[in-house]
Structure formats: structure tokens, C-alpha cells
**Q** 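After the C-alpha cells below, expect a handful of questions from me.
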Amino acid sequence: MFFENLIKDQVIVHFKQVFDLQLRESELSFLPTRKEFEGDITLVVFGLAKIVRKSPEETGQLLGDALLTNPELVTSYNVVKGFLNITINNKLIINRLNNLFIGQFGNVSRKISLSDTVPELPVLIEYSSPNTNKPLHLGHVRNNLLGYSISQILKSNGSKVVKVNIVNDRGIHICKSMLAWQKFGNGETPKSSGLKGDHLVGKYYVEFDRHLREQVKELEAKGYSKEEATKHAGLMVEAQQMLLKWEAGDPDVKALWQKMNNWVYDGFAVTYKNLGVDFDKIYYESETYLLGKSIVEEGLNKGVLFKKEDGSVWIDLKAEGLDEKLLLRSDGTSVYMTQDLGTAVMRYSEFKFSRLIYIVGNEQDYHFKVLFQVLQKLGYEWAKNLYHLSYNMVDLPSGKMKSREGTVVDADELVDEMVREARKLTMELGKLDDFNSEEAIKLYQMLGMGALKYFILKVDPEKRMLFNPDESIDFNGNTGPFIQYTHARILSVMRKAATQSEMAGFNSFELNSVKDLQPKERDLMKLLIRFPEVMEDAAQKLSPAVIAAYTYDLVKAYNQFYHDYAIVDATQISTSLFRLKLSSECAKVINGALLLLGIESPERM
RNA sequence: GGACCUGUAGCUCAACUGGAUAGAGCAUCUGACUACGGAUCAGAAGGCUUGGGGUUCGAAUCCCUUCAGGUCCA
């Protein structure tokens with residue numbers, strides 16, 4: 001909180017003078033002052049009152065009076081119940097803002113791209129993690145946006161970030177789409193069908209299921225139970241055989257697998273580009289799935305793991321409040337947990353990361369709890385640096401945009417819909433003359449994506465959320481486009497001002513010359529000052545939502561300020577330099593904040 | 001059956017991790033435009049924070065319990 005440290009020291013000093021008692025920092029609790037009250041920062045004095053055995057009001061008064069002996073820091077105070085509201089000297093706020101002007105703000109965007117100069121150990125962020133048998137869906141969208149935004153936030157706070165993706169490119173589900181394509185595909189390719197590669201493969205995954213259901217139905221008619229029928233259906237048997245061939249390295253199967261996976265990767269590349277996300281390193285499960293067995297072996301030797309009669313390997317986590325967990329099947333094949341153990345160990349030896357953050361849905365909460373426990377028990381002390389960032393599902397208002405299957409919302413369709421919607425709305429508002437120019441198309445892209453990203457990121461990841469495309473793309477309210485609009489308007493004001501001759505001296509202008517601050521100016525400045533702390537806060541909590549909330553507050557404060565003060569014409573400009581300066585810094589901060597969310601800000605719209 | 005997550009205005013979300021009268025937006029209603037980007041601004045209305053108990057100066061937040069939704073484990 002702004003000036004918390006300065007105030008803290010003073011409170012401790014004065015507390016000793018007044019009450020002759022030594023206070024520890026941890027005994028002080030500060031809040032930003034609520035806007036209904038006068039002041040900048042509030043000290044909660046209930047606890048202190050208890051220590052000195054006086055009423056909260058009296059304690060507050062005594063401390064407040066003592067602080068007033070330091071007028072360079074504190075100009076006034078008031079006490080309400082047990083709350084001591086302190087008003088900071090304007091000069092300090094102005095100084096702080098001036099420092100930020102020349103320091104941090106101008107570099108917000110540049111700082112983000114300069115992470116490679118940081119010497120520390122890297123933070124690994126694993127996100128996206130798709131399967132190669134179907135296209136990305138709405139769930140992946142939340143995952144990707146969270147992963148990318150958190151990477152940006154950590155980078156801007158000076159961490160070296162390595163974005164990694166692990167692609168699930170092997171297993172029975174992959175064989176299913178391969179088999180279906182072989183049987184029913186007639187050699188169809190992305191080129192011949194005009195389908196995006198991942199969608200083409202996804203189509204055959206669905207196709208497999210359809211044919212399988214038919215076969216199962218036939219077998220059920222012959223008296224098989226559903227389970228048995230599924231097990232013995234011809235297609236299922238063939239898929240199993242294909243998997244065995246794949247694992248044995250059969251050249252034909254491998255070639256087909258290569259070909260179809262490449263189609264999918266081409267498709268994913270397009271989706272990732274649209275979402276604006278990228279990776280520093282991509283892992284493939286086909287290359288990592290055998291890792292981990294030796295780690296299990298090691299665990300057995302150490303006596304951390306145990307073997308059941310059938311030969312399967314388990315860990316007992318009952319003492320930790322969990323259950324027994326399977327780590328290796330009786331036939332010696334690995335399960336997900338086995339390979340995740342292997343991948344984690346491999347990554348540590350590769351990167352010596354200071355943290356590894358997994359961005360994975362909350363249906364795997366249990367899985368990660370176990371994974372971390374197992375690594376801990378195996379004696380890897382870096383296991384404490386692993387973190388599972390869990391997020392909940394995204395729902396849609398019923399009906400809309402659902403595919404034929406009724407449940408899956410395709411990421412590409414969603415992106416298209418958002419961009420179309422942005423175009424439609426912009427046209428209705430009639431702001432652009434040329435709706436099809438390259439610039440306009442780029443703008444629709446930015447607005448549609450801005451709407452989508454902001455709407456998803458502003459919600460606490462833990463919470464199940466409802467994504468409403470119409471609401472998200474509103475140009476008013478707490479939405480991406482509204483923030484983008486405000487930013488563009490500031491730039492427009494600046495451009496206009498730049499054409500005026502009085503602009504000379506703007507760049508060297510300092511706020512010190514301004515004596516009195518209007519309330520709205522002060523509000524805005526306080527918000528601007530907070531930005532670095534908000535970034536830190538967001539990095540600590542790994543929460544883009546913190547950035548979103550702050551940005552919206554800032555935009556609102558700016559709009560109120562703008563409405564009253566932002567008069568920029570030739571006659572008034574000499575008195576408006578201060579306001580222009582504030583506007584300009586606002587634009588920088590908003591732009592910086594949007595970058596942290598992975599959102600682009602159009603220069604005009 | 002056991003474990004975990006969620007429940008806040010009609011709707012979508014906040015609430016700085018225990019602080020003041022629980023805040024925004026959308027929707028609804030009332031007001032404000034001849035120059036500035038009105039894609040705006042000002043205001044009203046809307047709440048027993050699922051229900052019940054506890055902890056204390058103080059609870060949406062912590063503990064117990066009830067109900068509802070969701071997920072995981074075999």
C-alpha cells in the first residue's frame with residue numbers, strides 16, 4: 001500500500017514516545033482508506049488499544065496527534081471508531097508520481113519483453129497441454145489465457161519465465177482417430193477437405209465413437225453386457241492392437257501417427273496465434289512417457305513405495321490424509337502419475353527451476369496433491385516449489401455456440417464468433433468509415449479477443465464461471481472493449497494536443513509546479529501510484545484478476561477526471577499540461593496492464 | 001461411501017485474506033449534450049452473503065452443522 005512503510009516506521013516511533021511500549025511491525029494493520037472517509041491510509045487501532053488499555057478512540061487520537069508532529073509526511077487525520085485515517089502530504093504523492101514517470105511507467109511495456117537479462121533461476125509455467133485427437137475447446141481457452149497472462153505478470157516482476165507445453169500425443173485415444181481415418185477417411189487431408197488439421201482429426205475421433213456405438217449395440221443385441229460389448233467390439237480390439245504396434249515401433253503406424261499429428265500441430269499453431277499465446281518449449285508425451293519408471297524403482301529401494309502381491313507398485317499417503325495410490329500397474333506399464341514424476345525430475349535437471357507452476361483444471365486437484373507428496377517423500381527438496389494453479393470450468397448460456405455433440409465449445413469457433421461480434425457492433429456504432437480495410441480487420445480482432453480475454457481473466461480462477469459472449473463484448477461496463485476504448489480516446493486527446501504549438505515543454509513538465517490538487521486528480525494519482533504494488537500483488541497471488549480489477553478502477557477514475565478536466569484546446573492548453581501529463585501516464589499504465597493480460601490496445605478505434 | 005471446490009443484488013462478478021454503511025457492471029427507473037471521442041457522466045432502486053449455531057471489540061471471510069451445485073477417488 002502506498003506509503004505504508006513510511007507510516008509504519010513513524011507509528012512505531014511515536015507509539016514508543018507516547019505509550020512507552022515497543023511495537024512490532026506485525027502488530028500493525030493498515031488499509032487503504034475507504035472513499036467515504038477522508039484520508040489516504042488507515043490504521044486499525046483496536047489491537048493497539050487493547051495493548052495500552054485505552055479506548056480505541058483515545059488511542060487513535062493520541063497517535064494521530066503524535067503523527068502530526070511530522071507535517072512533511074502527514075497533513076491531517078481523523079478517528080472513526082477504531083480507525084485512524086491518515087492524510088498524506090500532497091507533496092509526497094506528487095514526488096512519488098514524478099519518480100514513477102521517469103522510472104517505471106514508461107518502461108512497462110519494454111520491461112515485459114526484457115526478461116532474458118534476469119540472472120535468477122527460471123520459473124517454469126506449464127499450460128495448455130492439449131490432446132492431439134481433437135481441437136482445443138473453451139476449457140483450453142481459459143487455461144491458455146491464464147497461463148499466458150501469469151507468465152506476463154511474472155516477467156514484468158523480474159522473473160525469468162519459461163513457458164512449457166506438454167502435448168498428449170500418444171495412447172489409445174490417439175489410435176482411435178488414426179484407426180477411424182484409416183478405415184473411413186478415403187485419404188482425406190486438410191488440403192483436400194479444406195478442414196483445419198486439428199478439426200479433421202477430431203472429426204475422425206467422433207467418427208470412431210459413432211461406429212463403435214453401432215458395433216456395441218449389435219453385440220448387446222446378442223446378449224453381451226454393455227461393458228463386455230465395448231471391450232470386444234471389433235473397432236476397440238483393433239485400436240488396442242494399433243496401440244501395441246505403436247509401442248513396438250511399427251513403421252507404418254508410426255508414419256501415420258506422424259502425419260496426422262502434424263496436421264493437428266498445424267491446426268493448433270493457428271489457434272495459438274489467434275489466442276496470442278506461445279511457448280518456449282514443447283514436450284511430447286511420446287518422448288516422456290517412459291520416464292519415471294526408474295524413479296519408481298528408486299522409491300522401492302528406498303522403501304518409500306511398496307509392492308502388492310500382483311506386482312503393482314503403490315504409495316501409502318494415509319498419514320497425509322490422502323489414500324493409497326497406484327504408481328505402476330501389475331504388468332509394469334506406467335500410469336499418468338508415473339510419467340508426471342519422470343517429467344518433473346527431468347525438468348528440474350534441465351532448468352533448476354525456482355518454481356514450477358502447473359496450470360491444470362481442478363478435476364486434477366487430487367492428482368497433483370499426490371504427485372507433490374510422492375516427490376516430497378522420494379526426497380526431492382525442490383518438490384516444495386511445485387504449484388498447481390487450479391481453475392474451474394467455463395459454462396455458456398444454454399444453446400449458443402454448442403457443437404452438434406451438445407457439450408463441446410470449439411475454441412476456433414468461439415474466436416470467430418467474438419471477432420464477428422466485434423465487427424457487427426462497431427458497424428452499428430458507425431465509428432469507422434472503412435469497415436474492411438486491413439486496419440479495421442485488425443481492430444475487430446483486437447476487440448473480439450480483448451473482450452474474451454478480459455471477461456475470462458477478471459474472474460477468480462477457482463470459480464466456475466459463465467461466459468456470455470454478448471455481455472463480454474459490451475463497450476460499456478467492466479469489459480475489455482471499454483478499457484480499450486478509454487485507452488484509444490486518451491491517445492486521441494494526446495494526438496490532438498501534440499498538434500498544438502504549446503506542446504513544447506510537455507516532456508520536461510514536472511508536477512511540482514502544481515499547488516492544489518482537485519479531488520478527482522488526487523484520486524487518479526493515487527491509483528497511478530499503486531500500479532507497481534498491484535503488479536507485485538498479482539505476481540504473488542498468480543492472479544490476473546487483480547490486474548483486471550485495478551485496470552477497471554483506473555479507467556473509471558480516468559473517465560470521471562476526463563469528463564471534468566480534459567479540455568484541450570489552443571486557449572487553455574498552457575494550463576492543461578498537468579492534465580495532459582496525467583492522461584499520458586494513464587495511457588501508459590492502462591496499456592501496460594492490458595499487456596499483462598495479454599490484451600492488445602488499439603491506437604484508434 | 002470418503003475427499004476437495006463453489007454458493008454474495010434479477011443476472012455476471014468484486015470485497016486488498018478478520019475491519020468501517022458488503023461494492024461494480026448489465027438489466028430497470030430518473031436526470032445531464034451546440035465545441036471537447038456521449039462508446040460519456042450524475043443519481044435512484046435493488047442484500048437476513050443458502051439456512052442454523054459458535055469463536056471476538058468486529059465474520060461474506062475462521063470453526064461446527066444443514067441444504068444446493070460441481071469435481072475427484074475404487
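Naming convention: chains lettered A, B, ... in sequence-line order (proteins, then strands); numbering from 1 in each chain. All values below were derived from every heavy atom in this structure, side-chain atoms included, with hydrogens, water molecules and symmetry-related copies excluded.
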**Q** Nearest whole Å is fine: how far is B:A39 C1' from A:L443 CG?
**A** 12 Å
**Q** Which label fits B:U17, syn or anti, where anti is any glycosidic angle not within 90° of 0?
**A**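 Syn conformation here, the glycosidic angle of B:U17 being no more than 90° from 0.
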**Q** Establish, from distance only, whether the side-chain atoms of A:T75 and A:T87 form a donor-acceptor pair under 3.5 Å.
**A**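 The criterion, which ignores hydrogens and geometry beyond distance, is not satisfied for A:T87 and A:T75.
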**Q** How far, in whole Å, is B:G18 from B:A74 if one measures between their C1' atoms?
**A**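 40 Å, rounded to whole Å.
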**Q** Can you confirm whether A:E439 is buried at CD, in the sense that more than 12 heavy atoms of other residues, nucleotides or ligands lie under 6.0 Å from that atom?
**A** no
**Q** Using a cut-off of 6.0 Å, state whether more than 12 heavy atoms not belonging to A:K308 lie near its atom NZ.
**A** yes
**Q** Partner of B:U8 by Watson-Crick or G-U wobble geometry, both contacts under 3.5 Å, or none?
**A** none
**Q** I need the A:W314 CH2 to A:K325 NZ distance, nearest 0.5 Å.
**A** 8.5 Å
**Q** Could you tell me how far B:C41 sits from B:A3 if I compare only their P atoms? Round to whole Å.
**A**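 Those two atoms are separated by 50 Å.
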**Q** Going by purine N1 to pyrimidine N3 plus the second Watson-Crick contact, or the G-U wobble pair, all under 3.5 Å, which nucleotide sits opposite B:U21?
**A** none
**Q** CD of A:E603: more than 12 outside heavy atoms within 6.0 angstrom?
**A**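 At most 12 heavy atoms, drawn from other residues, nucleotides or ligands, come within 6.0 Å of this atom.
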**Q** Give the rounded distance in Å between these two atoms: CG of A:D395 and P of B:C11.
**A**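 Result: 15 Å.
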**Q** Does the side chain of A:Q61 pick up a donor-acceptor pair with the side chain of A:Y77 at under 3.5 Å?
**A**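 Short answer, yes.
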**Q** Roughly how many Å apart are B:U49 and B:C73, using the C1' atom of each and rounding to a whole number?
**A** 32 Å
**Q** Looking for any heavy atom pair under 4.0 Å, which part of the strands does A:A488 touch: base, sugar-phosphate only, or nothing?
**A**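 A:A488: base contact, heavy atoms under 4.0 Å.
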**Q** Does CD in A:E363 sit with more than 12 non-hydrogen atoms of other residues, nucleotides or ligands closer than 6.0 Å?
**A** yes
**Q** With C1' as the reference atom in both, quote the distance from B:C48 to B:A44 in angstrom, rounded to an integer.
**A**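 Roughly 23 Å separates the two C1' atoms.
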**Q** Rounded to whole angstrom units, what separation is found between the OH atom of A:Y391 and the C1' atom of B:C4?
**A**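 Going from A:Y391 (OH) to B:C4 (C1'), I get 17 Å.
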**Q** Is there a donor and acceptor pair closer than 3.5 Å between the side chain of A:T42 and the base of B:A20?
**A**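 Side chain to base: pair found, below 3.5 Å.
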**Q** Between B:G7 and B:A15, how far apart are the C1' atoms? Round to whole Å, please.
**A**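 Comparing C1' positions in B:A15 and B:G7 gives a spacing of 16 Å.
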**Q** Determine whether a donor-acceptor pair (one donor, one acceptor, N or O, separation below 3.5 Å) exists between the side chain of A:N85 and the base of B:A20.
**A**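 Side chain to base: pair found, below 3.5 Å.
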**Q** Do the side-chain N and O atoms of A:T479 and A:D474 include a donor-acceptor pair separated by under 3.5 angstrom?
**A** no
**Q** Please list, in numerical order, the residues of residues 452-461 of chain A that have a heavy atom closer than 4.0 Å to any atom of RNA chain B.
**A** A:F455, A:V459, A:D460
**Q** Taking atom P of B:U49 as reference, at what distance in whole Å does atom NZ of A:K463 sit?
**A** 16 Å
**Q** Take atom CG of A:L389 and atom P of B:C5, then tell me their distance rounded to the nearest Å.
**A**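 So the CG-P distance, A:L389 to B:C5, works out to 15 Å.
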**Q** Please determine whether a side-chain nitrogen of the Lys or Arg among A:R96 and A:E533 lies less than 4.0 Å from a carboxylate oxygen of the Asp or Glu.
**A** yes
**Q** Nearest whole Å is fine: how far is B:A39 C1' from A:Y558 OH?
**A**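 It is 15 Å, rounded to the nearest whole Å.
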**Q** Quick one: which of A:L443, A:T426, A:L491 gives a side-chain contact (heavy atoms from CB on, under 4.5 Å) with A:M605?
**A**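 Among the candidates, only A:L443 passes.
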**Q** Each nucleotide in nucleotides 67-74 of chain B should get exactly one letter: B, S or -. Can you fill that in based on protein heavy atoms under 4.0 Å?
**A** ---SSS--
**Q** Does A:F46 stack onto the base of B:G19, taking stacking as ring centres under 5.5 Å apart and planes under 30° apart?
**A**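 It does: the ring sits over the base of B:G19.
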**Q** Start with the C-alpha distance between A:I357 and A:Y127, add both sets of side-chain angles, then the distance that settles side-chain contact (heavy atoms from CB on, under 4.5 Å), and finish with yes or no.
**A** CA-CA 9 Å; A:I357 299 167; A:Y127 71 106; over 6 Å; no
**Q** In whole angstrom, give me the gap between the P atoms of B:A27 and B:G69.
**A**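 Their P atoms lie roughly 31 Å apart.
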**Q** Taking B:G53 as the reference, what is the distance to B:A59 when you measure between their C1' atoms (whole Å, please)?
**A** 14 Å
**Q** Salt bridge or not between A:E585 and A:K588? Use side-chain N to carboxylate O under 4.0 Å.
**A** yes
**Q** Grab the OH-C1' distance between A:Y562 and B:A42 for me, whole Å please.
**A** 17 Å
**Q** If you assign each of A:R489 and A:K50 to its closest nucleotide in RNA chain B, which residue comes earlier from the 5' end?
**A** A:R489
**Q** With the sugar-phosphate defined as primed atoms, P, OP1 and OP2, and the base as all remaining atoms, what B/S/- string results for nucleotides 21-33 of chain B, 5' to 3', for protein heavy atoms under 4.0 Å?
**A** S-SSSS-------
**Q** Between A:F46 and A:F83, how do the two ring planes meet: parallel, tilted or perpendicular, split at 30° and 60°?
**A** perpendicular
**Q** Could you pick out which residue, A:F475 or A:D537, lies toward the 5' side of RNA chain B when each is mapped onto its nearest nucleotide?
**A**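 Comparing both residues, the 5'-ward one is A:D537.
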**Q** Quick one: A:F83 CZ to B:G18 P, roughly how many Å, whole number?
**A**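 After rounding, the gap between these two atoms is 15 Å.
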**Q** Looking only at atom P, what distance separates B:A9 and B:U50, rounded to whole Å?
**A** 8 Å
